[in-house]
Amino acid sequence: MSNKVLIVTGDAAEVLEVYYPYYRLLEEGYEAVIASPTQKTLHTVCHDFIEGWDTYTEKPAHQLQSHLGFADVDPSEYAAIIIPGGRAPEYIRGNAELPRILQHFIDADKPIGAICHGAQVFLSLPDYSYFNGRTMTAYNASRLEVERLGACYADETLHVDGKLVTGHAWPDLPGFMREFLKLVREDAATTAAGAEALTS
């Protein structure tokens with residue numbers, strides 16, 4: 001079982017939604033790899049919620065170095081994938097390499113985590129059948145994208161449907177990462193048990 005987890009993002013990723021998963025994965029001993037359309041220094045943003053506003057505010061946040069470009073990603077090397085939100089999903093979904101990456105995790109039934117606007121990237125897939133009958137959540141402004149995929153939109157801020165973990169926004173990161181890491185560990189245990197059975 002691979003010890004690598006892929007994070008796909010780009011400029012204007014929400015700072016907490018990329019940094020929190022990245023450091024939690026490192027803390028747990030995983031190799032966290034950040035991929036973006038091209039390998040570069042990414043500019044993250046801080047999305048905040050202010051009383052009286054109907055939407056979030058956005059301010060520049062920390063810079064973040066990506067490790068490789070989408071074209072250089074071999075998804076078979078990774079145990080799972082995380083898709084942070086922010087504004088990055090709305091433009092990385094137009095990258096020609098992204099559907100290939102996403103499709104691997106769907107076809108291989110590996111854990112997939114998408115938080116906030118992260119669900120928008122799934123619209124890049126040519127086939128939405130994976131989402132038929134599934135339930136997922138996202139930031140409320142992305143409800144239409146979730147429903148366009150054929151999934152049911154969950155009002156709760158955290159939802160797990162099989163190997164798909166989705167969260168509403170950065171305040172939900174503790175539960176999001178808890179459930180995501182649980183799936184990654186379960187996959188590793190299942191793979192190890194299968195390998196042991198083959199050798200016994």
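- With values rounded to the nearest 0.5 angstrom, T166 atom OG1 is found 11.0 Å from E179 atom CD.
- Under the side-chain hydrogen bond (donor to acceptor under 3.5 Å, both in side chains) criterion, N132 pairs with no residue at all, not counting sequence neighbours.
- Heavy-atom minimum distance, E145 versus A141: OE1-O, 3.7 Å.
- Side-chain contact check for L125 versus Q103: some heavy-atom pair is nearer than 4.5 Å.
- Linking ILVMFWY side-chain heavy atoms closer than 4.5 Å, directly or via other members, places F105 and L183 in two distinct hydrophobic clusters.
- Across every non-hydrogen atom of A35 and L6, the tightest pair is CB-CD1, 3.9 Å.
- The existence of a salt bridge linking R87 and E14 is excluded, since no basic side-chain nitrogen approaches an acidic carboxylate oxygen closer than 4.0 Å.
- Taking the six-membered ring wherever Trp is involved, the centroid distance between the rings of F122 and Y130 does not fall below 6.0 Å.
- Geometric assessment of R24 against the ring of Y20 yields a negative cation-pi assignment under the 6.0 Å and 45° thresholds.
- Between H117 and Y139, the angle of the ring planes lies from 30° to 60°, which puts this pair in the tilted group.
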Check against side-chain contact (heavy atoms from CB on, under 4.5 Å), E97 and V73: CA-CA 9 Å; E97 296 288 340; V73 173; over 6 Å; no

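- Of the possible polar contacts, none joining the W170 side chain to the V15 backbone as a donor-acceptor pair under 3.5 Å is found.
- Not one N or O on the side chain of S142 forms a donor-acceptor pair closer than 3.5 Å with the backbone of A138.
- The shortest side-chain heavy-atom distance between T9 and I83 does not fall under the 4.5 Å cut-off.
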Evaluation steps, side-chain hydrogen bond (donor to acceptor under 3.5 Å, both in side chains), between D161 and T135: CA-CA 6 Å; D161 188 336; T135 299; 4.5 Å; no

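- Side-chain contact between T137 and L158 is absent, with no heavy atoms from C-beta onward closer than 4.5 Å.
- Distance check: R178 CZ to L173 CG gives 12.0 Å after rounding to the nearest 0.5 Å.
- Tracing side-chain contacts under 4.5 Å through hydrophobic residues (I, L, V, M, F, W, Y), one reaches I115 starting from L25; they form part of the same cluster.
- Among residues two or more places apart in sequence or in another chain, the salt bridge (charged side-chain N to carboxylate O under 4.0 Å, His left out) test is passed with R93 by none.
- Contact check for N140 versus H168: side-chain heavy atoms found under the 4.5 Å cut-off.
- Between the side chain of K163 and the backbone N or O of D109, at least one donor-acceptor pair lies under 3.5 Å.
- In this structure, the side chains of F180 and V184 come closer than 4.5 Å at one or more pairs of heavy atoms.
- With sequence neighbours excluded, the residues satisfying ring pair (Phe, Tyr, Trp, His ring centres under 6.0 Å) with Y19 are Y23, H62.
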Test side-chain contact (heavy atoms from CB on, under 4.5 Å) applied to I82 and Y22, step by step: CA-CA 9 Å; I82 290 178; Y22 178 66; over 6 Å; no

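- Two residues are said to be in side-chain contact when any heavy atoms from C-beta on lie closer than 4.5 Å; V5 and I81 fail this criterion.
- For D54, there are no salt bridge (charged side-chain N to carboxylate O under 4.0 Å, His left out) partners at least two apart in sequence or on another chain.
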Working for side-chain hydrogen bond (donor to acceptor under 3.5 Å, both in side chains), residues E90 and Q120: CA-CA 6 Å; E90 75 185 28; Q120 292 177 335; 5.3 Å; no

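- Here the straight-line distance linking atom SG of C152 with atom CE of M136 works out to 11.0 Å at 0.5 Å rounding.
- Residues S124 and L102 have side chains in contact (heavy-atom distance under 4.5 Å, counting atoms from C-beta outward).
- Residues P99 and N95 come closest through the heavy atom pair CD-O, 3.4 Å.
- Closest of all the heavy-atom pairs between K110 and A79 is CB-O, 3.5 Å.
- The OG1 atom of T44 sits 7.0 Å away from atom CG of L64, with the distance rounded to the nearest 0.5 Å.
- Scanning for ring pair (Phe, Tyr, Trp, His ring centres under 6.0 Å) contacts around Y78 gives an empty result, with sequence neighbours left out.
- Closest heavy-atom contact between V45 and A12: CG2-O, 3.5 Å.
- With rounding to the nearest 0.5 angstrom, the CZ atom of R148 is 8.0 Å from the CG atom of L144.
- Proximity of I92 to S36: side-chain heavy atoms (C-beta onward) are nowhere separated by under 4.5 Å.
- Looking only at distances, a side-chain donor or acceptor of R100 sits under 3.5 Å from a matching main-chain atom of F70.
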Give the C-alpha distance, both sets of side-chain angles, the deciding distance and a yes or no for side-chain contact (heavy atoms from CB on, under 4.5 Å) between L42 and Q65. CA-CA 6 Å; L42 300 173; Q65 182 64 46; over 6 Å; no

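- Both V33 and V8 sit in one connected hydrophobic cluster of ILVMFWY residues. Membership requires side-chain heavy atoms under 4.5 Å apart, directly or through other members.
- Inspection of the Q63 and T41 side chains reveals no N or O donor paired with an N or O acceptor under 3.5 Å.
- Contact check on R143 versus D155 returns a salt bridge, with a Lys/Arg side-chain nitrogen under 4.0 Å from an Asp/Glu carboxylate oxygen.
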With side-chain contact (heavy atoms from CB on, under 4.5 Å) as the test, would you mind laying out the steps for M177 and V165 before giving the verdict? CA-CA 9 Å; M177 286 306 297; V165 181; over 6 Å; no

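- Not one N or O on the side chain of T157 forms a donor-acceptor pair closer than 3.5 Å with the backbone of D172.
- Aromatic rings from H159 and Y153 are positioned such that their centres are separated by 6.0 Å or more.
- Connection of F176 to L16 is established within a shared hydrophobic cluster, with ILVMFWY side chains joined at heavy-atom distances below 4.5 Å, either directly or through further cluster members.
- Y128 and V146 fall within the same hydrophobic cluster, where Ile, Leu, Val, Met, Phe, Trp and Tyr residues are linked whenever their side-chain heavy atoms come under 4.5 Å apart, directly or through other members.
- When every heavy atom of A32 is checked against every heavy atom of I7, the shortest pair comes out as CB-CD1, 4.5 Å.
- Applying the ring pair (Phe, Tyr, Trp, His ring centres under 6.0 Å) rule to H104 yields no partners; only residues at least two apart in sequence or on another chain are considered.
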